[in-house]
Amino acid sequence: MILLAIQQADYGDLLLEFINSFRDNKGKNTYINQINEIIAYRKKSLVINFADLFNFNEQLATQIINNPKETLSILENKIYEYIIEKDPTYQEEIKKIHIRITNVPRTVELRKIRTNYANKLISIEGILVKSTPVKQRLSKAIFRHLNPDCMQDFVWPPDEEFDEILEVPSTCPVCGKAGQFKLIEDKSEFVDWQKAVIQERPEEIPPGQIPRQLEIVFEDDLVDSARPGDRVKVVGVLEIKKDSQIRRGSKSIFDFYLKVNSIEISQKVLDEVKISEDDEKKIRELSRDPWIREKIISSIAPSIYGHWEIKEAIALSLFGGVPKTMPDGTRIRGDIHVLIIGDPGTAKSQILQFAARVAPRAVYTTGKGSTAAGLTATVTRDKNSGDYYLEAGALVLADGGIAVIDEIDKMRDEDRVAIHEAMEQQTVSIAKAGIVAKLNARATVIAAGNPKLGRYIAERGLSENINLPPTILSRFDLIFILVDKPGTEDELLASHILDAHAGKGKENEIIDTDLLKKYIAYARKNIATKLTDEAKSLLQDFFVEMRKKSSESPDSPIIITPRQLEALIRLSEAYARMALRSEVTREDAERAINIMRIFLENVGLDVESGKIDIDTIMTGKPKSAREKMTRILEIIDTISGSNECARVKDIIKEAEGLGIDKQSVEKLISDMRKQGLIYESRPECYRKV
């Protein structure tokens with residue numbers, strides 16, 4: 001025991017020697033600078049890089065890993081004494097200092113945490129999915145013995161701090177007698193305390209497995225250092241969770257929790273994909289290929305035949321544009337949202353699954369199994385403790401990556417509304433149970449759904465075919481329709497499917513999935529593209545020209561809005577990123593205009609007038625339908641002015657005179673009634689509201 005005490009005393013001296021003698025690459029003593037900052041700003045933590053300590057003294061570093069509680073306690077006391085020697089006034093404000101260890105080499109996977117790591121200092125990585133509000137934990141209790149002969153106050157426990165469970169003393173340490181004891185809160189010491197839950201990252205979960213979670217506890221100056229949705233690297237002591245029920249002897253099964261020593265928040269979105277020097281060489285070599293874009297598009301879901309434009313759109317959304325923050329703090333998203341609407345059996349889900357696999361960070365969910373809370377965020381209550389937790393949903397967990405939503409048309413309306421804010425503002429706001437929070441959801445949304453009536457009907461407009469409100473449709477940069485149409489390519493399609501099942505593929509022409517994943521991560525991380533003057537003028541000319549067509553005559557619908565111009569900029573940037581170029585050229589802008597034209601001609605078409613009308617997406621009603629509705633309203637108003645109400649047969653008669661057929665009139669009357677523009681005052685007789 002004496003030898004151990006000498007060693008432990010030596011550890012304190014060794015640490016002081018390390019702090020005073022350490023020099024970094026530039027010859028600066030960073031730890032002395034830190035201590036000066038601690039004194040000046042009354043900070044509570046000294047952050048030590050484990051690698052620096054290990055290089056100085058292996059034995060001390062190993063002792064911190066294997067016996068962290070005792071060793072860190074001795075070291076903290078020594079540092080506290082050292083600081084008080086330098087500035088005696090420090091102890092008046094700060095009662096304790098913490099040593100925070102970073103860069104610990106023992107990183108343990110959440111699903112591989114076992115008993116042999118108990119009471120050791122370990123490092124874990126994952127996503128923070130829940131956190132409680134900050135509370136106060138009693139660290140040093142002052143009890144009063146209520147015996148009239150004693151009535152003395154005493155500190156409990158006398159030698160050390162206790163954890164979450166407070167054991168009331170059985171006898172008074174002052175008089176040695178038993179009796180009643182009262183906790184004196186005013187004199188006791190408290191420390192800030194917060195509980196959170198860390199979960200495995202979605203890309204690390206083995207297929208078919210439930211993600212593992214671990215409870216973690218922040219104390220003192222670490223509280224509120226991270227919020228749900230943050231990807232974190234946590235260093236801490238793995239401890240056994242002490243429960244009051246267990247203390248009474250009802251259970252022999254215990255849980256782990258991690259008492260956090262230090263936390264690092266991963267700011268860089270794409271640090272998870274490790275790119276070696278060889279990988280970088282391959283990526284750079286690939287980017288020099290003049291046909292690199294075509295190669296990447298061919299490598300998107302290669303087992304699926306055709307759908308070139310859709311694969312191109314998926315590739316663009318995987319690379320994405322460049323997000324920008326304006327001087328006034330406004331953030332413009334760089335993510336390209338894509339929606340695929342198609343007939344059953346056209347491999348929509350397979351394309352989406354591939355996108356989720358190849359994206360450096362992705363969360364896959366389906367509309368049927370997703371609620372508003374599951375997609376965005378929610379407040380849950382712990383059954384045992386009654387604590388409220390803020391819990392992050394799929395779009396928050398996909399922050400900086402891709403959220404793939406299959407069967408989006410099957411979602412309930414009230415759940416679908418939740419993704420509005422996440423798609424445009426890229427945040428998720430929540431106000432429940434007194435918790436008001438704003439979480440980041442900077443995710444690209446790739447969604448797919450089936451037409452309302454089973455198959456897509458070309459004679460009907462987009463909003464009549466899709467069970468999605470215009471508010472969501474307008475937020476997608478690109479929308480594509482997959483129609484299963486028998487024709488000349490059926491032989492090639494059959495041949496492709498049969499070859500795929502027989503194991504015959506065209507492997508030479510496509511990029512390997514792992515390499516493509518690294519290529520995308522490298523491009524997103526390192527390539528920040530800018531528009532050249534040539535590309536700018538081309539996009540400007542296209543936008544102005546399309547708007548001019550809308551202003552030529554009063555009957556012309558609006559073809560394009562500023563929202564599409566922003567989408568064009570993002571698409572141009574994504575094309576440049578595909579070739580690892582930092583400048584957007586004229587060719588990139590031309591390609592962006594081309595895919596935008598395909599989208600507008602297929603989706604933004606008013607089926608009645610045959611003209612492109614962006615309002616079919618933006619408002620759900622093309623200009624022609626709006627004008628008809630206005631005329632019918634005028635007819636109803638005129639007839640009901642002279643009569644009590646307007647009969648349907650009279651409305652049809654008047655409308656036919658204006659060139660509106662009976663079927664359209666009946667549909668418009670039904671729509672206006674649903675919208676509350678007209679009401680039925682008598683059977684088959686209407687008045688304007």
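The model shown is predicted, which means the values in this text are computed figures rather than measured ones.
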Of all heavy-atom pairs between Val404 and Ala356, which one has the smallest distance, and what is that distance? CG2-CB, 4.0 Å

Working note: Ile99 + Leu15, criterion side chain to side chain contact (heavy atoms under 4.5 Å, CB included); need CA distance, chi angles, decisive distance, verdict. CA-CA 11 Å; Ile99 289 176; Leu15 185 71; 3.6 Å; yes

Which pair of non-hydrogen atoms, one from Val232 and one from Ala226, has the smallest distance, and what is that distance? CG1-CB, 4.1 Å

Would you confirm whether Asn261, through its side chain, and Val237, through its main-chain N or O, come within 3.5 Å as a donor-acceptor pair? no

Minimum side-chain heavy-atom gap Val234-Leu128 below 4.5 Å: no

Sidechain-backbone polar pair: His337 side chain, Val445 backbone, donor-acceptor under 3.5 Å: yes

Distance check, rounded to the nearest 0.5 Å: Glu200 atom CD versus Glu109 atom CD? 7.5 Å

Which distance, rounded to the nearest 0.5 Å, do you find between the CG of Leu318 and the CD1 of Ile520? 4.5 Å

What distance separates Ile35 CD1 from Leu46 CG, expressed to the nearest 0.5 Å? 5.5 Å

Is the shortest side-chain heavy-atom distance between Leu75 and Ile64 below 4.5 Å? yes

Would the number of heavy atoms belonging to other residues, nucleotides or ligands and lying under 6.0 Å from NZ of Lys86 be above 12? yes

On a heavy-atom basis, which atom in Ile263 and which in Leu222 lie closest, and how many Å separate them? CG2-CD2, 4.1 Å

Flag, side chain of Asp328 to backbone of Thr330, donor-acceptor distance under 3.5 Å: yes

Determine, for Lys78 against Asp13, whether the closest basic-nitrogen to carboxylate-oxygen distance falls under 4.0 angstrom. yes

Less than 4.5 Å apart, any side-chain heavy atom of Glu215 and any of Asp255? no

OG1 on Thr30 to CZ on Arg23, rounded to 0.5 Å: 9.5 Å

Say whether, by atom type as modelled, one donor and one acceptor occur between the side chain of Arg114 and the main chain of Asn116 under 3.5 angstrom. no

Can you check whether Tyr522 reaches Asp279 side chain to side chain, under 4.5 Å on heavy atoms? no

Lys182 NZ: over 12 foreign heavy atoms closer than 6.0 Å: no

Where do Gln194 and Asp224 come nearest, in terms of heavy atoms and distance? OE1-N, 2.8 Å

Side-chain donor/acceptor of Asp406 to backbone N/O of Thr366, under 3.5 Å: no

Please confirm whether the backbone N or O of Gln63 pairs with a side-chain atom of Asn67, one donor and one acceptor, at under 3.5 Å? no

Is there a side chain to side chain contact (heavy atoms under 4.5 Å, CB included) between Glu76 and His98 once you walk through the steps? CA-CA 6 Å; Glu76 283 168 357; His98 306 281; 4.1 Å; yes

In terms of ring plane angle, is the pair Phe143 and Phe181 parallel, tilted or perpendicular, where the classes change at 30° and 60°? perpendicular

Taking the side chain from Ser188 and the backbone from Ile184, do they hold a donor-acceptor pair closer than 3.5 Å? yes

Is any side-chain heavy atom of Ile32 less than 4.5 Å from a side-chain heavy atom of Ile19? yes

Measuring from Ile216:CD1 to Lys130:NZ, what's the distance to the nearest 0.5 Å? 12.5 Å

Arg361 side chain vs Asp399 backbone, donor-acceptor pair below 3.5 Å: yes

Should Asp220 and Lys95 be marked as a salt bridge (Lys or Arg N to Asp or Glu O under 4.0 Å) after you check the CA-CA gap, both sets of side-chain angles, and the distance that decides it? CA-CA 11 Å; Asp220 213 0; Lys95 302 291 180 216; over 6 Å; no

Over all heavy atoms of both residues, which pair between Ser123 and Lys233 is shortest? Give the atoms and the distance, please. OG-CE, 3.3 Å

Candidate list Tyr82, Phe56, Phe54, Phe50, test ring pair (Phe, Tyr, Trp, His ring centres under 6.0 Å), partner Phe18, passing option: Phe56

For the pair Ser262 (side chain) and Ile101 (backbone), establish whether a donor and an acceptor sit closer than 3.5 Å, ignoring hydrogens and angles. yes

Asp52 versus Tyr31, side-chain donor and acceptor atoms under 3.5 Å: yes

Just checking, is any N or O donor in the side chain of Asp192 or Gln136 under 3.5 Å from an acceptor N or O on the other one? yes

Assess whether a salt bridge exists between Arg137 and Glu219, defined as any Lys/Arg side-chain N lying under 4.0 Å from an Asp/Glu carboxylate O. yes

Residue Gln180 excluded, over 12 heavy atoms near CD under 6.0 Å: no

Heavy-atom check, side chain of Pro360 versus side chain of Lys525, under 4.5 Å: no

Give, for atom CD of Glu189 and atom CD1 of Ile142, the distance between the pair rounded to the nearest 0.5 Å. 7.0 Å

Output yes when Arg100 and Asp221 qualify as a salt bridge under the 4.0 Å nitrogen-oxygen rule, no when they do not. yes

Going through the checks in order, is the side chain to side chain contact (heavy atoms under 4.5 Å, CB included) test met by Tyr117 and Arg106? CA-CA 10 Å; Tyr117 293 115; Arg106 188 188 277 175; 4.0 Å; yes

For the residue pair Tyr364 and Arg357, establish whether any side-chain heavy-atom pair is separated by less than 4.5 Å. no

Taking every heavy atom of Lys517 against every heavy atom of Ala359, the minimum-distance pair comes out as CE-O, 3.4 Å

Going through the distances and angles, do Leu183 and Leu138 end up as a side chain to side chain contact (heavy atoms under 4.5 Å, CB included)? CA-CA 11 Å; Leu183 177 69; Leu138 190 64; 4.0 Å; yes

Any side-chain donor-acceptor pair under 3.5 Å between Asn49 and Asn103? yes

Look only at the side chain of Glu125 and the backbone of Thr107, and say whether a donor-acceptor pair between them is shorter than 3.5 Å. no

